[in-house]
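Read the structure below first, then the notes.
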Amino acid sequence: MKGYLILEDGTVFHGDVFGKEGATGGEVVFTTGMTGYQEVLTDPSYCGQIVTFTYPLIGNYGINHCDFEALSPSLAGIVVSELCQEPSNWQSKISLAEYLRLNNLTGIQGIDTRMLTKILRAKGTIGGKIVVCEDELARLQANPKQLQPSLTTQVAQVTTAKPYFIPGGPETIVVLDCGAKGSIMECLVNMGYSTLVVPATTSWEEILAYDPVGVMLSNGPGNPQNVLEICNTIKNLLGKVPIMGVCLGHQLLGLTFGMNTFKLPFGHRGGNHPVKEITTGKVMITSQNHGYVLDKDTLPDEIEITHVSLNDNTIEGIRHKYLPAFSVQFHPEAAPGPKDAGFIYKRFQELINNFQHKSRRGVS
């Protein structure tokens with residue numbers, strides 16, 4: 001079906017709609033990964049966004065049973081240059097178009113994604129809408145500013161409704177689910193831990209009642225300033241249990257420490273972002289998906305920057321100098337992306353072991 005993508009600056013792209021033949025609006029972003037579209041589709045961090053894939057051909061290996069990051073997608077829609085109609089892969093079960101149709105998602109193909117990406121890089125992330133009706137297109141063209149998205153409740157949309165347990169070992173790590181990718185829990189289980197995934201609204205008293213050896217602050221969508229109540233939970237956990245944050249969890253940990261955040265012009269999304277570790281000088285190629293970062297100018301004395309982006313020198317990791325808490329902006333579990341940073345989870349395990357050793361010795 002013929003369709004259109006209209007941006008809030010008035011730009012209109014013509015293409016063909018696939019999946020659900022209907023309209024969908026959201027924040028238009030782009031991701032630079034060459035593969036991994038299934039993981040992107042099901043990453044809760046994309047909640048409310050229309051995701052543009054910069055790689056020219058999408059859907060060529062179909063959809064399989066193995067690469068989901070969540071049970072259902074949360075994004076608003078997708079934009080591709082060319083959709084593969086006949087996927088070829090031994091794991092493939094259905095096509096990308098069929099997956100979108102089954103999940104009531106709208107996509108549009110035949111778009112000049114290079115031009116679209118250049119607009120987003122020049123003007124920053126902006127609102128947009130995929131439409132199929134020319135009357136609606138004309139209405140939006142008359143007032144494209146109405147396409148500005150109002151995204152404030154994404155975490156509430158993607159967090160688990162109730163706690164659930166994944167067995168993996170005798171010790172348990174609580175994952176505060178702000179929109180957690182399944183690969184996070186998989187990494188923790190592979191290290192020998194059981195994981196208890198709890199809603200983002202879970203109190204610190206409830207978390208400690210589970211007697212965890214560590215707490216993981218997960219990734220998630222949106223502006224961290226919209227969920228500042230989580231910072232109170234983190235504040236009351238500090239020093240009582242080792243904490244690791246990823247992506248949104250990293251930003252929330254920084255806010256808890258008294259730092260500020262700001263929105264990047266077009267964010268970091270893709271599996272090819274270079275990050276430097278300060279202490280070793282080691283450079284990793286990382287998987288990232290975020291639109292906000294911590295502000296270096298608000299760094300407290302007790303917090304140390306551990307990693308920086310080599311693209312724009314923004315903060316990619318912090319740690320508390322005295323308390324067992326650290327976080328990274330990138331995704332150590334990748335999925336999709338390179339596994340360079342996988343050792344970060346081992347550092348969390350070392351932090352847990354050191355904390356337990358000190359606790360047994362009665363050292364604060």
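From a predicted model like this one, the values you see are computed outputs, not experimental measurements.
Side-chain atoms of Q356 and S359 form no donor-acceptor pair, as typed in the model, at a separation below 3.5 Å. Using a 3.5 Å distance cut-off with no hydrogens or angles, the side chains of N219 and H250 do not pair a donor with an acceptor. T42 and Q38 share no side-chain donor-acceptor pair at under 3.5 Å. Looking at N60 and S88, their side chains never bring a donor and an acceptor atom within 3.5 Å of each other. Checking E8 against Q146 by side-chain atom types alone, no donor-acceptor pair falls below 3.5 Å. No side-chain donor from either of H307 and E316 sits under 3.5 Å from a side-chain acceptor of the other. Q225 and Q251 are not linked by any side-chain donor-acceptor pair at a separation below 3.5 angstrom, with hydrogens and angles left out of the test. Between E98 and S95, the side chains place no donor N or O within less than 3.5 Å of an acceptor N or O (distance only, hydrogens not considered). In the model, N226 has no side-chain atom that pairs as donor or acceptor with a side-chain atom of N223 under 3.5 Å. Looking only at atom types and distance, the side chain of S309 has no donor-acceptor partner in the side chain of N311 under 3.5 Å away.
Taking 4.0 Å as the cut-off between side-chain N and carboxylate O, E206 and K162 do not count as a salt-bridged pair. Taking a cutoff of 4.0 Å between a charged side-chain nitrogen and a carboxylate oxygen, E27 and K263 qualify as a salt bridge. Between D16 and K2, none of the side-chain N atoms (NZ, or NE/NH1/NH2) sits under 4.0 Å from a carboxylate O, so this pair counts as no salt bridge.
A donor-acceptor pair under 3.5 Å is absent between the side-chain atoms of K181 and the main chain of E333, judged by distance alone. With D43 contributing its side chain and E39 its backbone, the two residues share no donor-acceptor pair below 3.5 Å. Side chain of S74 to main chain of V158: no donor-acceptor pair is present (N/O by atom type, distance under 3.5 Å, no hydrogens or angles). N89 contributes a side-chain N or O that, together with a main-chain N or O of Q91, makes up a donor-acceptor pair within less than 3.5 Å. For the pair T106 (side chain) and K20 (backbone), a donor-acceptor distance under 3.5 Å is present. Put simply, the side chain of D177 gets close to the backbone of T160: a donor and an acceptor are under 3.5 Å apart. Proximity of a side-chain donor or acceptor of K321 to a complementary backbone N or O of D301 within less than 3.5 Å is detected.
Using a 4.5 Å cut-off between side-chain heavy atoms of Ile, Leu, Val, Met, Phe, Trp and Tyr, with links allowed through other members, I344 and V175 fall into the same hydrophobic cluster. Linking Ile, Leu, Val, Met, Phe, Trp and Tyr whenever their side-chain heavy atoms come within less than 4.5 Å leaves V275 and L310 in two separate clusters. No path of Ile, Leu, Val, Met, Phe, Trp and Tyr side chains, each step under 4.5 Å between heavy atoms, connects L140 with V132, placing them in separate hydrophobic clusters. Linking ILVMFWY side-chain heavy atoms closer than 4.5 Å, directly or via other members, places V28 and V131 in two distinct hydrophobic clusters. Taking hydrophobic clusters as Ile, Leu, Val, Met, Phe, Trp and Tyr residues chained together by side-chain heavy-atom distances below 4.5 Å, V29 shares a cluster with L100.
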Next item on the list: Apply salt bridge (charged side-chain N to carboxylate O under 4.0 Å, His left out) to the pair R319 and E304, showing each step before the final yes or no.
Entry: CA-CA 5 Å; R319 74 172 186 90; E304 178 182 16; 2.7 Å; yes
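Taking the six-membered ring where the residue is Trp, the centroids of F330 and H290 are separated by 6.0 Å or more. For Y4 and F13, the distance between ring centers is not under 6.0 angstrom. Ring centers of Y55 and Y37: at least 6.0 Å apart, outside the cut-off. For H320 and F326, the gap between ring centers reaches or exceeds 6.0 Å.
For the pair R269 and Q49, the minimum side-chain heavy-atom distance is below 4.5 Å. With contacts defined as side-chain heavy-atom distances shorter than 4.5 Å, the pair F53/I78 qualifies. Side-chain atoms of M244 and S218, non-hydrogen and from C-beta on, never get closer than 4.5 Å to each other.
No option in T172, V197, V198 other than T172 meets the side chain to side chain contact (heavy atoms under 4.5 Å, CB included) test with F165. Screening I315, D295, D297 against M259 for a side chain to side chain contact (heavy atoms under 4.5 Å, CB included) leaves a single residue, I315.
The local environment of CE in M34 is sparse, with at most 12 non-hydrogen atoms from other residues, nucleotides or ligands closer than 6.0 Å. Enclosure of atom CZ in R139 by more than 12 non-hydrogen atoms of other residues, nucleotides or ligands within 6.0 angstrom is indicated.
In the hydrophobic clustering (ILVMFWY side chains linked at under 4.5 Å, chained through shared members), L264 is joined by F262, V293.
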